[in-house]
Amino acid sequence: MKEQIRKYLNRYVEFSDTEIDTFYSKLIVSDYTKKEFLIQEGQLCTHRYFILKGLVRTFYIDNNGNEKITQFALENWWFTDMESFVNETPSTTSIQTLEKTTLLKISKTELELLFLEIPKLERMFRIITEKTLIAIQRKNDVYLRMKNKDIYELFLNQNPDFVQRVPQYMIASYLEMTPEYLSGIRK
């Protein structure tokens, strides 16, 4: 586990062994079963999570009672409900595992203390956040300009791991299509 986090951290900023050991000592390993909730809508999100193994989704229920998936995350990804985590407000989304999942998690309090102790860590999380925002912006811009069939093909090409691991109706929700429409595209 420590080696996995070491490789991940050093992709963004070079950390000393001591800095990695200090960071790793504050992480909590947590195992979750399939379909287990990390947080549910209305709860406070108090941690950032790193996926060692597994897959999660972030979703909300719209006014018509339909699930709307806003994000998937898999191995070697950091994720959280950023608004709830940063603003310390109740979450407007739920985060649920899609398969057996092992996470490293760190509380906001511990992370803030580490940012003071290891300033490079704050830089790394800023870079990760910037890359995440760029991906969200790119998704929104690209998807607005494309036809649904092309959106699905682009999603498959960019995310081949998801096709085998995520049910088609969830991919449809994420791509803002009905499962029936997606089924038609796939044929």
(Q) Let's go through K26 and E117 carefully: what are the C-alpha distance in whole Å and the side-chain angles of both, what is the deciding distance for salt bridge (charged side-chain N to carboxylate O under 4.0 Å, His left out) to 0.1 Å, and is it a yes or a no? (A) CA-CA 12 Å; K26 303 298 183 185; E117 188 177 345; 6.0 Å; no
Do Q96 and K35 make a side-chain contact, defined as non-hydrogen atoms from C-beta onward lying under 4.5 Å apart?
yes
Here the pair of heavy atoms bringing G42 nearest to P90 is O-CB, 3.4 Å
Open item on the list: Can you classify the ring geometry of F23 versus W78 as parallel (below 30°), tilted (30 to 60°) or perpendicular (above 60°)?
Closed with: tilted
Task: E110 (side chain) donor-acceptor with S107 (main chain) under 3.5 angstrom - done: no
Nearest heavy-atom approach of F72 to I171 is CZ-N, 4.4 Å
Would you mind reporting whether T70 and F59 have side-chain heavy atoms less than 4.5 Å apart?
no
Between the OG atom in S30 and the CD atom in E36, the distance rounded to the nearest 0.5 Å is 9.5 Å
Any side-chain heavy-atom pair from T97 and T33 closer than 4.5 angstrom?
no
*Looking at side-chain heavy atoms only, is the closest gap between Y12 and K131 below 4.5 Å?*
yes
Check whether any side-chain N or O of T101 sits under 3.5 Å from a backbone N or O of E99 as a donor-acceptor pair, and report yes or no.
yes
Taking every heavy atom of M1 against every heavy atom of L104, the minimum-distance pair comes out as SD-CD2, 4.4 Å
- For the pair R165 and E75, find out whether any cationic side-chain nitrogen is under 4.0 Å from an anionic carboxylate oxygen. yes
Note to self: Applying side-chain contact (heavy atoms from CB on, under 4.5 Å) to I28 and I106, what does each step give before you reach the verdict?
What the structure shows: CA-CA 6 Å; I28 299 165; I106 188 163; over 6 Å; no
Is it true that I51 and M124 fall in one hydrophobic cluster, defined by side-chain heavy atoms closer than 4.5 Å? no
Looking only at heavy atoms, the pair that brings Y49 and L103 closest together is CD2-CD1, 3.7 Å
>> Under a 4.0 Å threshold between the charged nitrogen and the carboxylate oxygen, would R126 count as salt-bridged to E122?
In response: no
- Task: Step through it carefully: locate the ring centre of Y174, locate the ring centre of F155, and say whether they are under 6.0 Å apart.
- Result: yes
| request: Tell me, with the steps shown, if V56 and L98 meet side-chain contact (heavy atoms from CB on, under 4.5 Å). | output: CA-CA 5 Å; V56 301; L98 293 178; over 6 Å; no
I'd like to know if K100 pairs up with D31 as an ion pair, taking the criterion as any Lys NZ or Arg NE/NH1/NH2 lying under 4.0 Å from an Asp or Glu carboxylate oxygen.
no
Quick check: does any side chain N or O of S84 sit under 3.5 Å from a backbone N or O of D81, one acting as donor and the other as acceptor? no
Side chain proximity check, T93 to E83, heavy atoms < 4.5 angstrom:
no
Practice problem: Give a yes or no on whether a salt bridge exists between K108 and E88, defined as a side-chain N under 4.0 angstrom from a carboxylate O. | Solution: yes
Correct closest heavy-atom pair for Q40 and S91 would be O-CB, 4.3 Å
Q) Heavy atoms, side chains only, cut-off 4.5 Å: are L111 and F85 in contact? A) yes
From the list F15, Y24, F50, ring-ring contact (aromatic ring centres under 6.0 Å, His included) with Y8 holds only for F50
### Message
For K120, is there an ion pair with E19 - N to carboxylate O distance below 4.0 angstrom?
### Response
yes
Q) Quick one: does Q4's side chain have a donor or acceptor within less than 3.5 Å of a partner on L52's backbone? A) yes
Take atom CD in E153; do more than 12 heavy atoms of anything else shown fall under 6.0 Å from it? yes
Cluster question for you: counting only ILVMFWY and a side-chain heavy-atom cut-off of under 4.5 Å, with indirect links fine, are L74 and I5 together?
no
* Asked: Has E130 got more than 12 heavy atoms of other residues, nucleotides or ligands less than 6.0 Å from its CD?
  -> yes
Linking I/L/V/M/F/W/Y whenever their side-chain heavy atoms sit closer than 4.5 Å, directly or via other members, would I20 and F125 fall into one cluster?
yes
| Test log, rule side-chain contact (heavy atoms from CB on, under 4.5 Å), inputs S94 and F37 | CA-CA 7 Å; S94 296; F37 284 91; 3.9 Å; yes
_So does T89 get a backbone contact from the side chain of N87, meaning a donor-acceptor N/O pair under 3.5 Å?_
no
Cationic N near anionic O, under 4.0 Å, E67 to R57: yes
Cluster link I39 to Y60, ILVMFWY, side chain under 4.5 Å:
no
For V13 and I127 the tightest heavy-atom approach is CG2-CD1, 4.3 Å
Original post:
Are any of the side-chain heavy atoms of T58 and I69 separated by less than 4.5 Å?
Top reply: no
One should read off an interatomic distance between N63 CG and K68 NZ, to the nearest 0.5 angstrom, of 10.5 Å
Checklist entry - Run the side-chain contact (heavy atoms from CB on, under 4.5 Å) check on I95 and F79 step by step: do they pass? => result CA-CA 10 Å; I95 300 175; F79 71 96; 3.6 Å; yes
Whether the side chain of T80 engages the backbone of M82 through a donor-acceptor N/O pair (distance < 3.5 Å, no angle test) should be reported.
no
_Flag if over 12 foreign heavy atoms under 6.0 Å of CZ, R11_ = yes
Margin query: Please tell me whether L27 and V29 are part of a single hydrophobic cluster in this structure, the criterion being side-chain heavy atoms less than 4.5 Å apart.
Written below: yes
Output for pair (D62 CG, N66 CG), nearest 0.5 Å, gives 4.5 Å
